[in-house]
Amino acid sequence: MILKYLKPRDWACILACGVLIAAQAWLDLRIPEYMTAVTEAVVSGLPPSEVYDVGVDMLICAFLSICASLSAGFMAAMASVSLCRTLRQLQFDKVGSFTPEDLGHFTIDSLIIRGTNDVSQIQRFFAMALQTIMRTPILTVWALVKISGAQWEWTAVTAGGAVAMAVSMAVIITMSRPYYRRVPRLTDAINRRALEHFTGLRTIRAYNAERFQQEAFEKASDDMMENCIVMWKWSSLLPAVSFGISNLLLVAIYWVGAVLLSSSAPEDQVTLFSQMIVFSSYATLMLGSFVRLAFMIQFSNRAMESMRRIGEVLDHEPSIPDGSFDGDGTDPGTVEFDHVSFKYPGTDRYVLRDVSFKVPRGSSLAVTGPTGSGKSTLVALLLRRYLPTEGEIRVDGVDIREYRRSALNERIGYVPQRSTMLSGTVRENVSYGSTAEARSDDDVRWALRVSMADFVEGLPQGLDSDVLEEGRNLSGGQRQRLAIARAVCKDAGIIVLDDPFSALDYATDKGLREAMASELEGRTKVMVSQRIGSVMDSDRILVLDEGEAVGYGTHAELSEGCDRYRQMLSLQKGASQ
Amino acid sequence: MKGGILPPMRRLVSYMGHFRWRVACIIALGLATSVLSAVAPSLLGEFTDGLSVTLESGGPIDLDALLVTALSLVVVFAVAMVTQAAGMRLTWVTEERLGDRLRVDMSRKISRMPVGLMDSTDTGDSLSRLVNDTDTLRMRSVESVTDVVEAVVTLIACAVAMVLLEPVLAAVAFIGPATGLVVIYAITRTTQRFYRAQSRDLGSINGIIEETYRSLDVVDSFNALPKVRERFAEVNGRLFSSAIRARFAEGLLPEAMSFVSNLTYVLVCVVGSILILDGTSSLGTLVAFIVYVKMVSTPMEHITRSVGAVQEVAASSERVFEFLDREEIPPEDPETDLWEVKGDVSFSSVRFSYRPGDEVLHGLDLQVSAGQKVAIVGPTGSGKTTIANLLLRFYDPDSGTISVDGCDLRSLARSDVRRMFAVVPQDSWLFRGSLRDNLLLGNGDVSDDRIAEVCGSMGLGEFVDLSEEGIGSTIDPDSLSAGQRQLLSIARAALRDAPMLVLDEATSSVDAYTESVIQAALDRISEGRTSFVIAHRLSTIVNADRIVVMRDGRVVESGTHGELMEAGGFYRQLYDSQFEGCD
C-alpha cells in the first residue's frame, strides 16, 4: 500500500537504484579477488611495478564500486525522502477536509504525530529496505552459484545453519513485534500530555497542578520507555545471535572439511581444501545478507504500523462529502432552515428538533436560549460542520449539501465562539483568508472600526503588531473584537456570529451592534447570544429551548407572546436591579 | 549559526554523565567484542594452517589437535555473542532511559518557564523538540558516542602496535586514516547545516500542523486552506532538500573511507615490496601489516558510519538543550511560610507592563478587607485580567507591592500564593481524562459525594448523571459546549478549598438562568472569603461589597453599586448602556 504513493520519478529512482546495486554487488565481489592477487604478488616476491599494476586494477574496481554504491544510496534516499514529502503533504491536505467529527475520531495530538513522526519512521525504513531488498537476492544467488556442486556434507551443514538462523530470527521478530507496533500510539500519548501542558498552562499553575500534570506526562513517557526496553531486550539478540550462528557455521564447515580431508585420497586433498575456503566465505556472505533482511523485517514492524496509521488518515472518507455547486444561488443573501432536526452522530438524543426559519437578504436573525439549548449546534449546521439528521438548510436558496465547501465558506463570514487567532500580524489576522490580497489597509481599518477594535491604533506598530499563537498576547475582549473584524473584513453576503459579545462590556457590545447595523446594512446577519440586550434589536429573534423553537418573532412580539423569552428578559433585568 | 558539532556533542556527553556507569560498561563490552573478534581470525588461521601444513607434508590429519582449536573457536564465538548481545542490550536500554530522562526534563522545564515566555513560544515547534528530537537522541545518541569511543580506542591500539613493528610502514598506513579524519571533520562543518535545517524544518512543519489542525474551524471557514497548504508545501519542500542533502552527506563518508582504506592497502603493499627489495623489511612484517591495515579500516569505517548519526544527534541535541537552557522563573527563596490567611489584600502604587515601555497599570492602589466581595469592572483592555495575573504571581509588578494580610506576595513561594486562591480563568481549560481528575487536578482528597454535590449545585447534576460512570467517566473537552466547560471550570474552583476567590469572566458563556443558579452557589462559597470578580456583565456584580471601576490601567471610581449609581460617573454610564432601548 506504500507503493501507491510513489510518483513516476520515485519509480525511476528505484529502478536506477536496482541497476546500480547489481553493478555494485558484482564489483564488490571482485575486490576480494584483486586483493588476493595483490597479496599473492607481494608474497611471491614480484617486483613493486607488478604489485602496482594489480593494485591499480583493484583501485579502479573499488572506485567504480563506490560510485555505484553512492549513486544507489542517493537514488534510494531520493525515492524515500520524496515519498515522505508526498505522505506529509497528502495528509495535511486530507485533514484540511476533515469535519469536527473526523478530527475527534483521530484526535489532533495523534494527527500531529502521524503527520511528522510516523512519516520520519517510514523515511528511515524505506531507504534501508530498498537497498536490502535488492541486494539480498543478488548476493544470495551469487553465493549459491559459487557453492553449488560442493560436498553434500557442507551443504547440509549450511542448510542447518540457515534453518537455525531463520528460526531464531523468526522467534525474535515475533516476540518483539507487538512492542514495535505499540510505539506510535505511545508517542501520541506523550504528545497529548505535552500539548495539554502548553494549552492549560495558566490553569495548571493557578491550581499548583504542575506536579499532577508532570506525573501524567511521566506516566506516558515511562510507558514508552518500558515498552521499548522490552522491545530492545528482544531486538538486541538479533545481531548477536545472527553473527554467532554464522560464526559457528564457519567452524562447522571447517570441522566438516577437516573430517572430509582426513578420509579422502591424498590427490583430492588440495582441491578439497581450497573448496572449503571458498565455500566458507560464500556461506557466511549468504548468511550475512540474511541478517540484513532480518533487521529490515524487524524495523518494518514499526514502519508498517506507521504506514497503517497514515493510510488510515489518507483513506478516511470525510464524514461530509463535498458538493459541486459553485454558481449563483437562486435567492442570494438568504438563510433558510426547513424543518431541521439534528442528533450528534452516535447519540440518540435530538439536540435540535424541527427548526424552521428564513432570514431574508440584509435582515438579521438572533438566536437565543439557555445554555445547552442548541444555539451553537445551529451555527455548526449552518456552516456544514454536521449534516442535519432531518430537514434541509438552504443558503442563497440552495441546499448547503450541494455546495462545494469553498463556495459555501465564501458566502459566510464567521465569528466563532472561541476567538481563535493565528500567529502573524494584526493585518494578516484581519484580512485572513482567500481574499487577503484584495484587501487594502483601508479595508482592514474599516473592519477594525466597525468591530470597535480601535485599540489596534494605539499599538506601537499598528496593523503590523504581532499576534502570538492563539492570540495569547491579547485580552479576551481584544481577541473577540479582532475575530469580528476578521469576519467583517471578509466580503461575504452573510455574517454568522456565535456568541460574539461574551467577553465584551455592554457599551462595546452596543456600539458594535450599532456600527454593524449601519455599516453592514446589506449583509444578512445570524447571531447567537445569551444576552437579551444583544438580541433585542434584531429583525427576528428565534428562542430555543432544549432544541425546540419556542418563540420566533420581533422583540416586541416575543415580549408579548413568548413565555420563555419573557422569563429570560425578566431574569436578566431582575438580576441587575 | 555557530558551526561545529562539538559544542552540542560536549553538552550531550556531559548529560550522559547521568548514565556514566552504563556507558562505561557499554564501551567495555564493545571493546571486549572487538578483541574477541580479533582473536577469532588468528584461531581460524591456526586451524587452516594446521590443515595445510599436514597437507603439504602428506602426513595424516591430527583431528584431536584440530578439535581443540575448533572448540576454543566455539568458545570465543560464544563469548563474543554474549558480550555483543549484552553490549547491544545495554546500549539500547540506556538510550531509552536517556530519552525518557530528556523528555521528563523538558516537561519539567515547561513548569519553570515564565508565563510570558511560554506565551511567545511556538507550541508545535516545542512539541517537535520534545517528540521528534528526543526520538533521534533515543535512537542514536548513545550508540553513536560509544561507537566513536570504541573506534578511537581500537585505532590507538593498532597505531601503537604498528609503530612498534615498523615506523615507516606505520606512517604510510596511517596517512590515509589521518587525512580521512581531518577531512571528515572539515566536511561535517559544512554539512552540519543540512542536519540542523532538517531538525528545524521538521519543527516548523510540526508548528504549521499543530496550529492549523487546532484552528481548522477558522482556517476552513475563511477558505485559507489553499494558502496554508502552499506554505506547508514550501516548508515541506525545504525539509525535502535538507533531508536529501543530509542523507547524501551521510552516505558519502563511509564510501569515501572504504576507498581510502583500499588505497592504503595498495600503498602499503607497494611500499612494502620496495622495502623488502631494499632488504630493510621482511616479508613477515609486511604480512602482519596487511592484517593491521585491515584492522585499522574497520574502526575507520565505524567512525565514518557513525558520522551521519553523530551529526543528526548533534542537530537534535542542539535543539533539545536550547529548550532546556531557556530563561526560567528566578529561583525563589521564600522568607515567609503560609499562614492562616484572613484575606486582607492591598495593592499599593502597582505599576506593571508586559512589554517594557508599554505600561498597563499606572500606579494602582486598592485596599480590600478580608471577606469582601470586590468587583472589578471597566472597558476591555483596561487592565482587569492583569490584576488577576499579578495576584496569582504569573507576573510580578515592575514597582509597588501587592500584599495579603500585610505580607508582600514576593516574600512567599509562588505555590503558596496560588494556594490562597481558587481561580476561574477567562478561558476554561479541560483535558481528555476523568471528570474527577479534571475537577481536582490532583489536589486534595475529596470524596465522590462532595464532588457530586458541588456539581449538582452548579447545575451540572444532569451532566454528571448522564455520564455513564458518574464522576469517574472520561470527558472529551471538544464535545462540550462553551457553557458546560465554564460550569466545570467553576465547579473546579468551588472544590478547591481556598481562602480567596478570583473569577475572571466566570459566567460569560452561560445563560441568565444558569448564571443565577451558579451565582447562588458562588455566594455560598465566597461567604467569608475575599473574592475578586471580574465581569462585563454588571448584573452579576451589583450586590458586590465594593465595585472598582478601572479605565486605562487606573482605578477611576470605587464604591457600592448604590453609591456609584448616585455619583453618576463612568459606572453609571456603563450600567445604563445595557438597558438602553430595553423596556
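Numbers restart at 1 for each chain; the letters A, B, ... are given by sequence-line order, proteins then strands.
- The candidate with the highest count of non-hydrogen atom pairs below 4.5 Å against chain A, out of B:Val219, B:Asp478, B:Val271, is B:Val219.
- In terms of heavy-atom pairs under 4.5 angstrom with chain A, the leader among B:Leu225, B:Leu127, B:Val93, B:Val502 is B:Leu127.
- Checking side-chain atoms of B:Asn236 against main-chain N and O of A:Arg85 turns up a donor-acceptor pair under 3.5 Å.
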Output, in order, the C-alpha distance, side-chain angles, deciding distance and verdict of side-chain contact (heavy atoms from CB on, under 4.5 Å) for B:Arg418 and A:Glu210. CA-CA 12 Å; B:Arg418 288 164 196 166; A:Glu210 290 100 334; 3.9 Å; yes
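- In this structure, chain B has no heavy atom under 4.5 Å from any part of A:Asp509.
- At least one donor-acceptor pair closer than 3.5 Å links the side chain of A:Glu469 to the backbone N or O of B:Thr123.
- The candidate from B:Thr91, B:Thr83, B:Val228, B:Thr385 with the greatest count of non-hydrogen atom pairs under 4.5 Å with chain A is B:Val228.
- With salt bridges taken as basic N to acidic carboxylate O contacts below 4.0 Å, none links B:Asp427 and A:Arg472.
- Using a 4.5 Å cut-off between heavy atoms, A:Leu201 touches chain B through its side chain atoms alone.
- For B:Tyr354, the OH atom counts as densely surrounded, since its 6.0 Å shell holds more than 12 non-hydrogen atoms of other residues, nucleotides or ligands.
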Start with the C-alpha distance between B:Met88 and A:Lys233, add both sets of side-chain angles, then the distance that settles side-chain contact (heavy atoms from CB on, under 4.5 Å), and finish with yes or no. CA-CA 9 Å; B:Met88 281 281 176; A:Lys233 281 181 179 167; over 6 Å; no
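- Checking side-chain atoms of B:Arg247 against main-chain N and O of A:Ala77 turns up no donor-acceptor pair under 3.5 Å.
- B:Ser107 and A:Gln214 form a side-chain donor-acceptor contact under 3.5 Å, judged by distance and modelled atom types alone.
- Heavy atoms closer than 4.5 Å to chain B are found nowhere in A:Met231, neither backbone nor side chain.
- With a threshold of 4.5 angstrom between heavy atoms, A:Thr377 does not approach chain B through any atom at all.
- Comparing A:Arg531, A:Lys490, A:His197 by how many heavy-atom pairs each has under 4.5 Å with chain B, the most go to A:His197.
- With no hydrogens or angles considered, no side-chain donor-acceptor pair links A:Arg405 and B:Ser221 at under 3.5 Å.
- A donor and an acceptor atom, one from each side chain of A:Asn208 and B:Ser415, are nowhere located under 3.5 Å apart.
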Before giving the answer on salt bridge (charged side-chain N to carboxylate O under 4.0 Å, His left out), spell out for A:Glu470 and B:Arg214 the whole-Å C-alpha distance, their side-chain angles and the decisive distance to 0.1 Å. CA-CA 10 Å; A:Glu470 295 184 278; B:Arg214 284 183 57 207; 2.9 Å; yes
Test salt bridge (charged side-chain N to carboxylate O under 4.0 Å, His left out) on A:Arg202 and B:Asp504 and set out the steps. CA-CA 12 Å; A:Arg202 281 181 161 78; B:Asp504 190 356; over 6 Å; no
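- The greatest number of non-hydrogen atom pairs below 4.5 Å with chain A, out of B:Asp100, B:Ile205, B:Leu66, is found for B:Asp100.
- Looking at A:Phe63, the atoms closer than 4.5 Å to chain B (heavy atoms on both sides) sit in the backbone and in the side chain alike.
- Only the side chain of B:Leu130 comes within contact range of chain A, with at least one heavy atom under 4.5 Å from a heavy atom of that chain.
- A donor-acceptor pair shorter than 3.5 Å cannot be found between the side chains of A:Thr371 and B:Gln484.
- Contacts between B:Leu430 and chain A at a heavy-atom distance below 4.5 Å are absent for every atom of the residue.
- Taking A:Pro239, A:Ser120, A:Gly477 one by one and counting their heavy-atom pairs under 4.5 Å with chain B, the maximum is reached by A:Pro239.
- Contact of B:Tyr213 with chain A is made through backbone and side chain together, with heavy-atom distances under 4.5 Å.
- Options B:Asp135, B:Val377, B:Leu73 differ in how many heavy-atom pairs under 4.5 Å they form with chain A, and the most are formed by B:Asp135.
- Of the atoms belonging to A:Ser80, not a single heavy atom falls under 4.5 Å from chain B.
- When every heavy atom of A:Thr203 is checked against every heavy atom of B:Arg492, the shortest pair comes out as CG2-NH1, 3.1 Å.
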Could you go step by step and tell me if A:Arg205 and B:Leu392 meet the side-chain contact (heavy atoms from CB on, under 4.5 Å) rule? CA-CA 9 Å; A:Arg205 293 206 178 169; B:Leu392 290 159; over 6 Å; no
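- Proximity to chain B involves both the backbone and the side chain of A:Met225, based on heavy atoms less than 4.5 angstrom apart.
- The pair A:Glu196-B:Arg432 fails the salt-bridge criterion, with no side-chain N (NZ, NE, NH1 or NH2) lying under 4.0 Å from an Asp/Glu carboxylate O.
- Between chain B and the options A:Phe217, A:Tyr52, A:Phe243, heavy-atom pairs under 4.5 Å are most frequent for A:Phe217.
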A:Thr420 and B:Asp217: CA distance, side-chain angles, deciding distance, side-chain contact (heavy atoms from CB on, under 4.5 Å) verdict: CA-CA 9 Å; A:Thr420 314; B:Asp217 188 36; 5.9 Å; no
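- With a 4.5 angstrom heavy-atom cutoff, A:Ile113 touches chain B only via side-chain atoms.
- In this structure, no portion of A:Ser376 lies under 4.5 Å from any heavy atom of chain B.
- For chain B, the nearby part of A:Ile190 is the side chain; its heavy atoms alone come within less than 4.5 Å.
- Between A:Asn247 atom CG and B:Phe77 atom CZ the span is 3.5 Å, to the nearest 0.5 Å.
- Chain B forms more heavy-atom pairs under 4.5 Å with one residue of A:Arg193, A:Arg192, A:Gln567, A:Arg211 than with any other, namely A:Arg192.
- A donor-acceptor contact under 3.5 angstrom links the side chains of A:Asn409 and B:Asp220, judged on distance only.
- The contact between A:Gln213 and chain B is made entirely by side chain atoms (from C-beta outward), counting heavy-atom distances below 4.5 Å.
- Residue B:Glu505 touches chain A through its side chain alone, counting heavy-atom pairs closer than 4.5 Å.
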Go through the steps for A:Glu226 and B:Arg97 under the test salt bridge (charged side-chain N to carboxylate O under 4.0 Å, His left out), then give the verdict. CA-CA 9 Å; A:Glu226 273 151 27; B:Arg97 294 197 184 280; over 6 Å; no
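- Looking only at atom types and distance, the side chain of B:Asn206 has a donor-acceptor partner in the side chain of A:Thr116 under 3.5 Å away.
- Counting heavy-atom pairs closer than 4.5 Å to chain B, the top residue among A:Ile108, A:Leu468, A:Val95 is A:Val95.
- Using cut-offs of 30° and 60° for the angle between ring planes, the A:Phe92 and B:Phe232 rings count as parallel.
- Looking only at distances, a side-chain donor or acceptor of B:Asn223 sits under 3.5 Å from a matching main-chain atom of A:Ser406.
- Between chain B and the residues A:Thr508, A:Thr199, A:Val56, A:Ile412, the most heavy-atom pairs under 4.5 angstrom are made by A:Thr199.
- In this structure, the portions of B:Asp437 lying under 4.5 Å from any heavy atom of chain A include both its backbone and its side chain.
- Between chain A and the residues B:Leu440, B:Asp358, B:Asn389, B:Leu239, the largest count of heavy-atom pairs under 4.5 Å involves B:Leu239.
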